[in-house]
Amino acid sequence: MSPSLVTSLFGLLIVVGQLAAADVPPAIPSDQAEFFERRVRPILVEHCWSCHGEKKQQAGLRLDSRDAAIKGSDNGPILVPGKPDDSQLVAAIGHGGDLKMPPKGKLPDDAIAALTEWVRLGLPWPASSRSNVARAADAWKTHWAFQPVRDPVLSTVRHTAWPRGPIDHFILAQLETHGLTPSPAAEKPVLLRRVTFDLIGLPPTPEEVAAFEADQSPDAFARVVDRLLASPHYGERWARHWLDIARYADSKGYVFFEDARYPWAYTYRDWVIRAFNDDLPYDQFIIKQLAADQLDSHDSRSLAALGFVTCGNHYMNNVHDILDDRIDVVTRGLLGLTVGCARCHDHKFDPIPTADYYSLYGVFRSASEPLIPPLLDSSLSTPEYDKFDTEMQKRQRALDEFVTRKYDTLVGEAKTRLTEYLLAANATKDQPSTENFMLLVNEGDLNPAMLQRWWILLDKSRKANDPVWAPWHAFASLPDAEFSKQSAAVSAKLREPPSSLGGE
């Protein structure tokens, strides 16, 4: 990105911020803002805005902004801030009078209580008087996942001598708030046991306990921590937390016609462990898991990092579900929120449009996954591996030649065996689903995939009353035993003018 472009974008952000600031109402307490967003806004979205929102306003009432809610309906105000007993809306949602809202049924008790409390608080409506749809473009400004990381202001404490670091201030502040004091310092064996379990997941040995108790130097504990961080067990202990985020597995889930295992999944696991033990910088840790094959690096072992996106469920080899899983693991693991819902619709409360989802889909769809991974470390090449590689290439060529021959044969059968495919597809027309083409396989050597395609074509043409296939479906619907008797009538019917058949 050029400096001039950066400057222009920065200036644009300043202007937008100034314009937005002119429309921001006075700030409300954070607890009231959270109450509105968590308890009130979802109720308005689900139960009120369809009739009293941006597109439709029954009785002239809008409830998609604070100003509109206070203005009321064509008959006057329905809300009195701070006075739920004097507010017509509160009486209406309680179904206690002639006016009952929503008209289709009473709200749950917790929803009524939330709206009543909202009125009692004075109708707090944070951020803007615009509807949520209009606010969606600005949601990133307040969403926690998009805020920059900053050092918080340290809590004020009375016992200033106790904290040894910034985190201690927050712990001590909460203790003092509840009238509590810190526990006494742990004895050395207890402290050693805690830190050893925490960093490597194993208990200390008796020799390590004895050595730590005997070491009276001021930096004794610091040296214990350094020793544990240098242990290979440290990576084994802490890598598992990242592997959970990466939904690591050594199997593909439910698949057909292939080995359900990932034979090389362990290479990704080992890469993550090595990354923790080598203290790999976080930016490199992420970049390599997303694009190790695109980096100008001589370390081929980094290719194993791509297991982050590939070691997932294969969903019966449904490519769309596989890519959805990869989008989900990247966004959920790195953005702090899920983007999966945008597969079908824009997010209501997050700035995640469907367009962004399918932009990511395009990135992953354009990538290819090799059937056999490359050798990650050239130093591992041995005469045995070279022999394996030669034999594998030989078998791959044989497989490619077989697939080519089979394809040519199927293309030829498209004409020479058309009748067999049509009859077989028609015989399975009453099966409930075509999702699993194994349901269509009968005895014989008809190709299941081609048979499924004929099944789908016949099913669509039958439902659409396709004029080309209409004669086929008309005759195919006749019982075998009655075909000779009824076929003449069907032929006569097909010869009638289109208008008598419902055409134009």
Side-chain angles (χ1 to χ4, degrees), residues 20-145 147 177 337-338 341 344-352:
D23 188 40
V24 175
I28 62 176
S30 59
D31 58 337
Q32 293 187 15
E34 182 178 2
F35 173 75
F36 177 83
E37 296 296 350
R38 289 183 176 272
R39 300 287 307 279
V40 178
R41 189 188 291 277
I43 299 172
L44 298 177
V45 171
E46 182 177 358
H47 299 286
C48 304
W49 286 1
S50 59
C51 296
H52 304 288
E54 184 177 12
K55 296 181 179 180
K56 185 179 180 181
Q57 301 91 39
Q58 287 189 3
L61 175 64
R62 290 186 64 164
L63 293 173
D64 57 348
S65 73
R66 186 178 189 275
D67 293 341
I70 293 177
K71 180 181 178 182
S73 67
D74 294 338
N75 298 321
I78 64 169
L79 288 169
V80 181
K83 298 180 178 180
D85 293 340
D86 298 335
S87 298
Q88 185 182 7
L89 177 63
V90 175
I93 62 176
H95 283 212
D98 295 334
L99 181 62
K100 295 179 174 60
M101 291 294 164
K104 294 183 179 180
K106 187 178 179 181
L107 292 174
D109 291 342
D110 59 342
I112 295 175
L115 292 177
T116 303
E117 177 64 11
W118 176 54
V119 177
R120 189 191 67 78
L121 292 173
L123 305 178
W125 195 300
S128 172
S129 61
R130 295 173 296 166
S131 69
N132 188 68
V133 175
R135 291 177 60 249
D138 296 333
W140 64 271
K141 296 179 181 178
T142 57
H143 196 291
W144 70 267
Q147 305 311 307
T177 299
L337 51 80
T338 175
C341 302
C344 301
H345 57 78
D346 292 346
H347 280 206
K348 290 183 178 180
F349 303 109
D350 303 327
I352 308 295

Ring centroid separation Phe36 to Trp125 under 6.0 Å: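 Yes, the ring centres sit under 6.0 Å apart.
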Using every non-hydrogen atom in the two residues, find where [X] and [Y] come nearest and quote the distance to one decimal.
X     : Y      : answer
Ile93 : Ile112 : O-CD1, 3.4 Å
Leu63 : Leu44  : O-CD1, 3.9 Å
Glu37 : Pro42  : O-CD, 3.2 Å

Nearest 0.5 Å, what's the [atom1]-[atom2] distance between [X] and [Y]?
X      : Y      : atom1 : atom2 : answer
Phe35  : Leu121 : CZ    : CG    : 6.0 Å
His347 : Cys341 : NE2   : SG    : 4.5 Å
Ile352 : His345 : CD1   : NE2   : 12.0 Å
Asp110 : Arg39  : CG    : CZ    : 6.0 Å
Ser65  : Glu54  : OG    : CD    : 10.5 Å

Exceeds 12 heavy-atom contacts within 6.0 angstrom, atom NZ of Lys71: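 12 or below, so no.
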Non-neighbouring partners of Arg120 that pass salt bridge (charged side-chain N to carboxylate O under 4.0 Å, His left out), sequence neighbours left out: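 Applying salt bridge (charged side-chain N to carboxylate O under 4.0 Å, His left out) to Arg120 gives Glu117.
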Find out whether [X] and [Y] are in side-chain contact, i.e. whether some heavy atom of one side chain is under 4.5 Å from a heavy atom of the other.
X     : Y     : value
Gln58 : His52 : yes
Leu61 : Gln57 : no
Lys56 : Ser50 : no

Kindly list each side-chain donor-acceptor pair under 3.5 angstrom involving residues 76-92, sequence neighbours excluded, with atom names and distances?
| unit_1 | atom_1 | unit_2 | atom_2 | d |
| --- | --- | --- | --- | --- |
| Ser87 | OG | Val80 | N | 2.9 |
| Ser87 | OG | Val80 | O | 3.4 |
| Ser87 | OG | Lys83 | O | 2.9 |

Flag, side chain of His95 to backbone of Pro102, donor-acceptor distance under 3.5 Å: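 Yes.
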Arg66 side chain to Leu123 backbone, donor-acceptor under 3.5 Å: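 Yes.
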Residues Arg41, Trp118; criterion side chain to side chain contact (heavy atoms under 4.5 Å, CB included); working and verdict: CA-CA 10 Å; Arg41 189 188 291 277; Trp118 176 54; over 6 Å; no
